[in-house]
Amino acid sequence: MDKNFGGVIPEKPALPAVFRDLEDLVLQSGWTKGLERSVVDHVLGSMHERYVPTGGFVAQSGAPVQDWIGVISGLAKMSVTTSDGRLSTLIGAPPGTWFGEGSLIKSEARRYDVVALRPTRIALMPARIFEWLRETSIPFNHYLQHLLNERLAQFVGLLKSQRLQGTDERVAHCLATLFDSPLFQEPYFLEVNQEEVGLLANVSRQRANLALKRLEELSLIRVEFGGLVVLDMAGLKSFGREPS
DNA sequence: ACATTAAATTCGA
DNA sequence: TCGAATTTAATGT
């Protein structure tokens, strides 16, 4: 039974754009730029896809690394657990993220837990194919350099915001770095509850709530039940550092 | 920590 | 299969 509220339709937030399947992800990823179509097809043929339910492991710390991993849809978090404590720092992996190349290059065991925050589909590229691309493709190597550089910048930025900015700024910064993907067009909904935001930004849930409301005041986001809508990603990114 | 509200699930017809 | 009742999860203060 649907009701008509005088033509006023409650607006549904747009869902984030997400990759359709493995092939869609690969074809749209930066590293296929400059690769021969035949090479891409060969690589595609070697890859497979895996579904990970909420709370499931995408990758486990200590496990041998067999694949380079890309996120097709859903959302995962990478967490580093300290040897003794349960204190873990978190990094988000939205669709389009590729990770694990560090351990692949050094051929060591995984150093992070990667856990699905919601039902997630991942793409797996076997280590041998990854190696083969590194050995034979300059464009692929250029992409890896770009990726590593980006990640370094992300870490530096994170460290900076943790050290010399207030809580609201940290929360804004975390949201921006974790969920900034060129695929996402504002406004888009993020299914992340306030407790998780707190974990990501290293603040209590209560404080995260205050920070989110503040960001809502500024029309950068809209707070909803069980998540939030990003209205202005650029604003989130620059929040807390006006002067150049 | 507590009160409130949204959503999900169960239950009875 | 519908909707009211109950339980669970998330929010706001």
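Per chain, numbering begins at 1; letters A, B, ... match sequence-line order.
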- Item | Rounded distance in Å - CD (A:Glu224) to P (B:dA7) | 10 Å

- In terms of side-chain heavy atoms of A:Phe225, which of B:dA6, C:dT13, C:dG12 is nearest? B:dA6

- Can you tell me the distance, in whole Å, between the CG atom of A:Leu228 and the C1' atom of C:dT11? 13 Å

- Query: A:Leu220, A:Leu210: one ILVMFWY side-chain cluster at the under-4.5 Å cut-off?
  - Reply: no

- Message: Can you tell me if A:Lys213 touches the phosphate of C:dT13, counting only side-chain N or O atoms and a distance under 4.0 Å to OP1 or OP2?
- Response: yes

- Query: Within a radius of less than 6.0 Å around CD of A:Glu195, do more than 12 heavy atoms belonging to other residues, nucleotides or ligands occur?
  - Reply: no

- To the nearest angstrom, the CG-P distance between A:Leu212 and C:dT11 comes to 9 Å

- Message: From CD of A:Gln194 over to P of C:dG12, roughly how many Å is that when rounded to an integer?
- Response: 5 Å

- Task: Please state how far atom CG in A:Asn193 lies from atom P in C:dT8, giving the value in whole angstrom units.
- Result: 18 Å

- Task: In whole angstrom, give the distance that lies between atom CZ of A:Arg222 and atom C1' of C:dT11.
- Result: 16 Å

- What integer distance in Å separates A:Arg207:CZ from B:dA1:P? 18 Å

- Item | Centroid-centroid distance, A:Phe130 to A:Phe140, less than 6.0 Å | yes

- Query: Within the distance-only criterion (no hydrogens, no angle test), does the side chain of A:Arg50 pair as donor or acceptor with the backbone N or O of A:Ile122 below 3.5 angstrom?
  - Reply: no

- Query: Using a cut-off of 4.0 Å on non-hydrogen atoms, how would the nucleic acid contact of A:Asn209 be classed: base, sugar-phosphate, or nothing?
  - Reply: base

- Message: Just the rounded figure in Å: distance from P of C:dA9 to CD of A:Glu196.
- Response: 14 Å

